[in-house]
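Before any comments, here is the structure.
Order of listing sets the numbers, starting from 1, for every ligand and every atom in it.
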Amino acid sequence: MSNEALSNLLREDRRFAPPADFAAAANVKADAYATAEADRLAFWETQAQRLSWGAPWSEVLDWSGKPVAKWFVGGKLNVAYNCVDRHVEAGNGDRVAIHFEGEPGDSRAITYAELKDEVSKAANALTELGVRQGDRVAIYMPMIPETAVAMLACARIGAVHSVVFAAFSPDALRARIEDAGAKLLITADGYHRRGGTVNLKANADEAAEGAETIEHVLVVKRTGADVAWGAKDVWWHDAVGAASTEHTPEAFDSENPLFILYTSGTTGKPKGILHTTGGYLTQASYTHHAVFDLKPETDVYWCTADVGWVTGHSYIVYGPLSNGATEVMYEGTPDTPHQGRFWEIVQKYKVTLLYTAPTAIRMFAKWGDDIPAKFDLSSLRLLGSVGEPINPEAWIWYRENIGGGRTPVVDTWWQTETGAIMISPLPGVTEAKPGSAMRPLPGISANVVDKEGTIVENGHGGLLVLDQPWPSMARGIWGDQQRFVDTYWARFAEQGYYFAGDGAKKDEDGDLWLLGRVDDIMLVSGHNISTTEVESALVSYPAVAEAAVVGAKDETTGQRIVAFVILRAGQEETEDLDAVLKAHVSKEIGPIAKPKQIQIVAELPKTRSGKIMRRLLKDVAEDRAVGDTTTLADSTVMDLIKAKLPHANED
Ligand code: ATP
Ligand code: MG
């Protein structure tokens, strides 16, 4: 019997040091760790100076209201001023802030000076529509520049935005509007998707109909489609179009709420996470500078996430814009009109810094190496990953096929609740290991503990905790502070740790490897085995593009490992594949982790943010009714999988 919280099975010996010229010119050097270690609060105080403040703070951190922190107590700032106006004042008004690329191929470049005018006009329009400091505004918008403008306009007047992913249903939108008590809904007539158009306004109407708190619906014209028009509806081009470009940004308290954002719902019902301004913007700005090594004069940055997720908030809007970045924003899907669309965009805008998700990387690998090879990707100098553990083989594929074998790859671990990146290599410092998020960033402290909360030794696995407060930490769950305490702070209340809900291990060097959700950990013959390690072993077999692994009830071993596998394009499901894959896992990580059953599938169930929903696969593997699928991106996927695996228990 193993008494470890989580077995450490997979070994990875490959190492990738930063290129010498990258290291020499890096924004953040190795000394940052020691500086932060010596005085964490002084370190964050220095980072807060990256921003412009309207009034200074009297105290860096007030942790007396634990687990609700106050950072930069008494300080005042305006988030929109920091993201827009100050760049214009510094003489960079002509710099492009956003290169917008529409799915049909239309494009628009918006400079910081233009962005300042648009945000000011929108702020005036929102005020005209009765929105005041502290009011909630629901934003149900596609990936168009007006979405960033709407968010910044809220921030500018001290209102709280709640961005709801545009592919969510009217019911999901209504529930979020009601939960937040939103007064204004900002939406669009529609957007372009997979070669067609989506009528977003129809969904917004359905949601707004029953939502009594909504006073107005502000509608951006994107597609020009015919839309129904009600008494509360106002065109963006009328209200914002007529507004003045003069708007004086007021400095708000550093703990003024900035946004509510619902988590992506991989593990269950989404939680309305609340973030405030001073600490949030400090960490979003610093981490964007440190992890992406942004040089605002020369870099072109592209984060492919949707603005409806926290990655879009922190690394499309607040991080990059606070740093004066030039960035790409793309409306559509990666395969419209062809599977090389992302690479065409990288080539067109000479993107230097690219931030995407493992689910996308595995999909590109599945489509084939020949697709990115057709494009000039030589402008890229750094690649980032977020959202799930990145399998070592996917990491290598990304570096080789997208990064030309030259670029550092940063695997960034964080959550909606953490607000900004917490664990990641520093690209100019860290000798990266494929599949490892490496170390907490300077100023951040994390550890791995066993079930009792005791810190595990190097070489062992357990539960990831954050043992020191950080500036961009969530301040609560909107309307349910008890749930905030119960979900994150109750488990290790004695030690005062934040419990992230993720499994992790510390390797022999003390570097961190994320091992997936704690709820997904498998117990096989007394060993706790992570889904990630088995999945990574499967993905390291050349024919495999993607894998999801679950533990299903088993009379003899407690749980047996069931694997769902997607093959790369052109790979056939051969007779002996099952045995070959089992033998491969056995060889890579040991016989204990060998799947009992392997099912080749065409798709895996994913949330709308692209994360694999293992709990649904577990339902299938245990041959019972599939649980809550409301956050599933494509509801037909489960039917296809079930059809392939009719009697999972009769192995
Ligand atoms: P919910 O909490 O509602 O189930 P969610 O956790 O999927 O939704 P997010 O906050 O978007 O919502 O996702 C954060 C989670 O994503 C992390 O807790 C972790 O499980 C996973 N994750 C993000 N980045 C990484 C990474 N680099 N490596 C491993 N896992 C990651
Ligand atoms: Mg979560």
Quick one: do K606 and E388 make a salt bridge, cutoff under 4.0 Å?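 So K606 does not pair with E388 through a salt bridge.
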Closest approach of any protein heavy atom to [atom], naming residue and atom:
| atom | result |
| --- | --- |
| atom 2 (O) of ligand 1 | K271 NZ, 3.2 Å |
| atom 9 (P) of ligand 1 | T416 OG1, 3.5 Å |
| atom 12 (O) of ligand 1 | S264 OG, 2.9 Å |
| atom 3 (O) of ligand 1 | T263 OG1, 2.6 Å |
| atom 29 (C) of ligand 1 | P389 N, 3.0 Å |
| atom 6 (O) of ligand 1 | R517 NH1, 2.9 Å |
| atom 8 (O) of ligand 1 | G265 N, 3.0 Å |
| atom 7 (O) of ligand 1 | T266 OG1, 2.4 Å |

Among I186, V163, L258, I316, find the one that has a side chain to side chain contact (heavy atoms under 4.5 Å, CB included) with M151.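 By the side chain to side chain contact (heavy atoms under 4.5 Å, CB included) criterion, M151 pairs with just one of I186, V163, L258, I316: V163.
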May I ask you to check whether [X] has an N/O atom sitting below 3.5 Å from an N/O atom of ligand 1?
| X | value |
| --- | --- |
| V386 | no |
| E388 | yes |
| G387 | yes |
| K269 | no |

Could you go through the salt bridge (charged side-chain N to carboxylate O under 4.0 Å, His left out) check for D507 and K433 one step at a time? CA-CA 11 Å; D507 67 15; K433 303 172 181 175; 2.7 Å; yes
With the threshold set at under 4.0 angstrom, would you say Y262 reaches ligand 1 through any of its heavy atoms?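 Contact absent.
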Of all the heavy atoms in A437, does at least one lie under 4.0 Å from an atom in ligand 1? no
Would you mind running through ligand 1 and noting each atom that sits below 4.0 Å from a heavy atom of K611? 7 (O), 9 (P), 11 (O), 13 (O), 14 (C), 15 (C), 16 (O), 21 (C)
For the residue pair P595 and V534, what are the closest heavy atoms and their distance? CG-CG1, 4.4 Å
Nearest heavy-atom contact between M141 and A166 is O-CB, 3.5 Å
Looking only at heavy atoms, is any part of [X] under 4.0 Å from ligand 1, and if so is it the side chain, the backbone, or both, or is it neither?
| X | answer |
| --- | --- |
| L514 | side chain |
| T412 | backbone |
| W309 | neither |

Do S436 and E12 touch side chain to side chain, with heavy atoms closer than 4.5 Å?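 A side-chain contact under 4.5 Å is absent here.
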Flag yes if more than 12 heavy atoms outside E457 fall under 6.0 Å of its CD atom; otherwise flag no. no
Test ring pair (Phe, Tyr, Trp, His ring centres under 6.0 Å) on F499 and W489 and set out the steps. CA-CA 6 Å; F499 173 52; W489 300 95; over 10 Å; no
If hydrogens are left out, which of T418, D502, D520, I423 has an atom nearest to atom 20 (O) of ligand 1, that is, the closest non-hydrogen atom?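 Of the listed residues, D502 has the closest heavy atom.
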Apply salt bridge (charged side-chain N to carboxylate O under 4.0 Å, His left out) to the pair R381 and D299, showing each step before the final yes or no. CA-CA 9 Å; R381 66 180 194 92; D299 276 316; 2.7 Å; yes
Where does the angle between the aromatic ring planes of W309 and F165 fall among parallel (under 30°), tilted (30 to 60°) and perpendicular (over 60°)? tilted
Backbone N/O of A420 and side chain of H288: donor-acceptor pair under 3.5 Å: no
Quick one: do W367 and F364 satisfy ring pair (Phe, Tyr, Trp, His ring centres under 6.0 Å)? Show the steps, please. CA-CA 5 Å; W367 289 345; F364 298 135; 5.7 Å; yes
